[in-house]
Amino acid sequence: MIPYGRQNIDQSDIDAVEEVLRSDWLTQGPAVSGFEQRVAQYCSSSYAVATNSATSALHIACLALDLGPGDTLWTSPISFVASANSGRMCGADVDFVDIDPHSYNMSIHALEEKLKSAKKVNKLPKIVILVHLAGQSCEMQRIKELSNEYGFAIIEDASHAIGGKYLNEPIGGCKYSDITVFSFHPVKIVTSGEGGMAVTNQSNLCNRMKRLRSHGITRESVEMEGETEGAWYYQQIELGFNYRITDIQAALGYSQMRRLDVFIRRRTVLAQRYNTHLERLPLALPFQHADTASSWHLYIVRLKQKETVKTREEIFNILRKSGIGVNVHYIPIHLQPYYRRLGFCLGDFPKAEKYYQNAISLPLFFDLSENEQDRVVAELENAFQ
Ligand SMILES: *Cc1c(COP(=O)(O)O)cnc(C)c1O
C-alpha cells in the first residue's frame, strides 16, 4: 500500500534522539528550548511554546486569549476536529464559517457576512481559528482587517502549514494573528512523534501558555501572590495541565527542522507533477492563491461530477483495492455526532458539505518516488475507465 502520508527518518534524527537518551534529561531539558528557538527563528516569531500535541497547543492558546464559558469561537467546518474542540475544551460555544469553494479555506465573504449578522445580535466571536488547509495560507491580511473592525482574536491552525509562505513570508510570523499553532504528528510536514508548538509575538501570551502547559505553576516571583518563601518555592496561579513535550521528542523535531526546506521542495515538485499528469482527468486540481506558497501537506482533488458518472466512493474503493492509500480530509466537523448533538445539522454549511461529497487526498510525502506517483496516476486513470 502506498500511504497518503509518511514520515522521513534519517540517521541524523536517530543520532539526535540517541544523544538525549544518553543524557541527563529526558524531559524539560535543553532540547525543548532548542526546538522552540529553532521554530521561532524559522518563522520569524518572537516566542514559542512546545507542547505534547497541536491539540494541547490550541487549547492553551485559547485559554491564554481568555476564552471561557459564555464566549464563542468560530472556525472552518473543513478541518480536523481539534480545531473546533479547542473551543469546547474551554467551555465556549463553537460555530463555523463556510468554506471558499476554490481554496477550501474559510471563506472571507462568508466570514464578513456572519460577522455583520453576529454584531446585530451581540454574538460576536472572541476568537476565530483559521485553518491553512493542506498547507495553503488563508487570506490573513483581510482577516486581520476584519479582526480590527470586529474585535476578535486570531489563532492560525497551521498544523498543515509549517514551511508554507504567505506574501513571501513564512507562516508563523504572526503578523496577522495572535498565535500560530503547528503539529508534529508523523503525517505532518516535520515530526517529533507526537508534538505541537504555539508561536506568538506577545510575551504575555507566551508566559501564560508556558504556565498552562505545566499545571498553572509559576516559579517567577513577579507572578506570585505575596512573597516567595525560598529557592524551592513555586505557586499554582491557575488551573493548568501537563502538556509538556519530552526532550526525546524535541530532539527529533529539532533534527527534522534542518530538513524542512528540503521537505517542502520535494513536496512542491511532487504536487507540480500531479498537476501536469492529472490535467486530463475529470478532477478539480488544487487551486493556489497568488499570495501563497503551500507547504503541500495534502494534495486534494475533487471529482468534477458533471464530467464523470463515477462517484467518489467508487473511485476511492478502486484506488484502495489497488494499493493506493487515498484518504478524505475532512468529514465536516459540524456533522460529527458530538456536534450534531449541540444542534448542528446537514444543510448548515452547504459549501463544506458539497466539498466533502467529492474530495479525495492522494498520496504525497517526501519519500514518494516518481515511479510510485506514476502508479497513483495510472490507477486513477483506470478508475475513471
Ligand atoms: C493534525 C491536526 C491537528 C491536531 O494535531 P495533533 O498534533 O495531532 O494534536 C489540529 N488541527 C489540524 C488542522 C490538524 O491537521
Side-chain angles (χ1 to χ4, degrees), residues 43 45-47 49 57-79 82-100 103 105-133 137-159 161 166-167 169 171-181 198-209 211-212 238 291 333-334 339 342-344 348-349 352:
C43 53
S45 60
S46 309
Y47 308 99
V49 182
L58 286 167
H59 185 197
I60 59 176
C62 288
L63 288 173
L65 291 163
D66 288 324
L67 189 75
D71 297 326
T72 306
L73 175 146
W74 290 0
T75 189
S76 169
I78 297 299
S79 182
S83 311
N85 288 350
S86 56
R88 297 295 300 152
M89 288 156 80
C90 299
D93 294 329
V94 166
D95 202 352
F96 302 92
V97 180
D98 211 348
I99 62 165
D100 175 279
S103 69
N105 281 333
M106 182 186 287
S107 156
I108 304 293
H109 177 72
L111 175 61
E112 203 168 347
E113 292 305 306
K114 198 174 172 100
L115 286 165
K116 276 185 204 157
S117 333
K119 190 172 181 180
K120 284 187 197 134
V121 295
N122 214 5
K123 274 289 280 178
L124 282 169
K126 189 169 211 170
I127 297 177
V128 177
I129 297 188
L130 281 307
V131 182
H132 304 317
L133 190 77
S137 177
C138 298
E139 293 165 63
M140 296 308 299
Q141 222 165 26
R142 188 71 195 105
I143 291 157
K144 180 68 184 160
E145 286 167 10
L146 289 170
S147 106
N148 292 341
E149 192 177 339
Y150 290 94
F152 56 85
I154 301 174
I155 297 175
E156 296 174 68
D157 182 345
S159 292
Y166 174 65
L167 293 172
E169 288 177 297
I171 289 174
C174 298
K175 204 164 165 182
Y176 312 97
S177 64
D178 296 283
I179 297 169
T180 301
V181 167
V199 293
T200 181
N201 294 327
Q202 300 168 44
S203 62
N204 59 326
L205 293 179
C206 169
N207 291 343
R208 183 95 190 273
M209 288 191 288
R211 204 161 73 199
L212 288 163
E238 62 182 325
D291 291 345
I333 301 175
H334 68 285
Y339 283 93
L342 295 174
F344 294 100
D348 282 349
F349 304 100

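Note: hydrogens, waters and symmetry copies are ignored here, and every other heavy atom, side chains too, is used. Start at 1 with the first residue, then count along the sequence.
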Rounded distance (nearest 0.5 Å) linking atom [atom1] of [X] with atom [atom2] of [Y]:
X: K126; Y: C62; atom1: NZ; atom2: SG; result: 11.0 Å
X: L58; Y: S159; atom1: CG; atom2: OG; result: 6.0 Å
X: Q202; Y: M209; atom1: CD; atom2: CE; result: 9.0 Å
X: I171; Y: C43; atom1: CD1; atom2: SG; result: 10.0 Å
X: L342; Y: R88; atom1: CG; atom2: CZ; result: 4.5 Å

Q: Please state whether the rings of F344 and F349 are parallel, tilted or perpendicular, taking 30° and 60° as the class boundaries.
A: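 Answer is tilted, since the angle falls between 30° and 60°.
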**Q.** Contacts of N201 that satisfy side chain to side chain contact (heavy atoms under 4.5 Å, CB included) - sequence neighbours left out
**A.**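 S45, S46, C174.
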If only atom types and distance count, is the side chain of [X] paired as donor or acceptor with the main-chain N or O of [Y] below 3.5 Å?
X: D93; Y: T72; value: no
X: Y47; Y: L205; value: no
X: N148; Y: E145; value: no
X: Y166; Y: M140; value: yes
X: D178; Y: I154; value: yes
X: H132; Y: C138; value: yes

Q.
Is it the case that over 12 heavy atoms from other parts of the model lie below 6.0 angstrom from the NZ atom of K144?
A.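 Enclosed.
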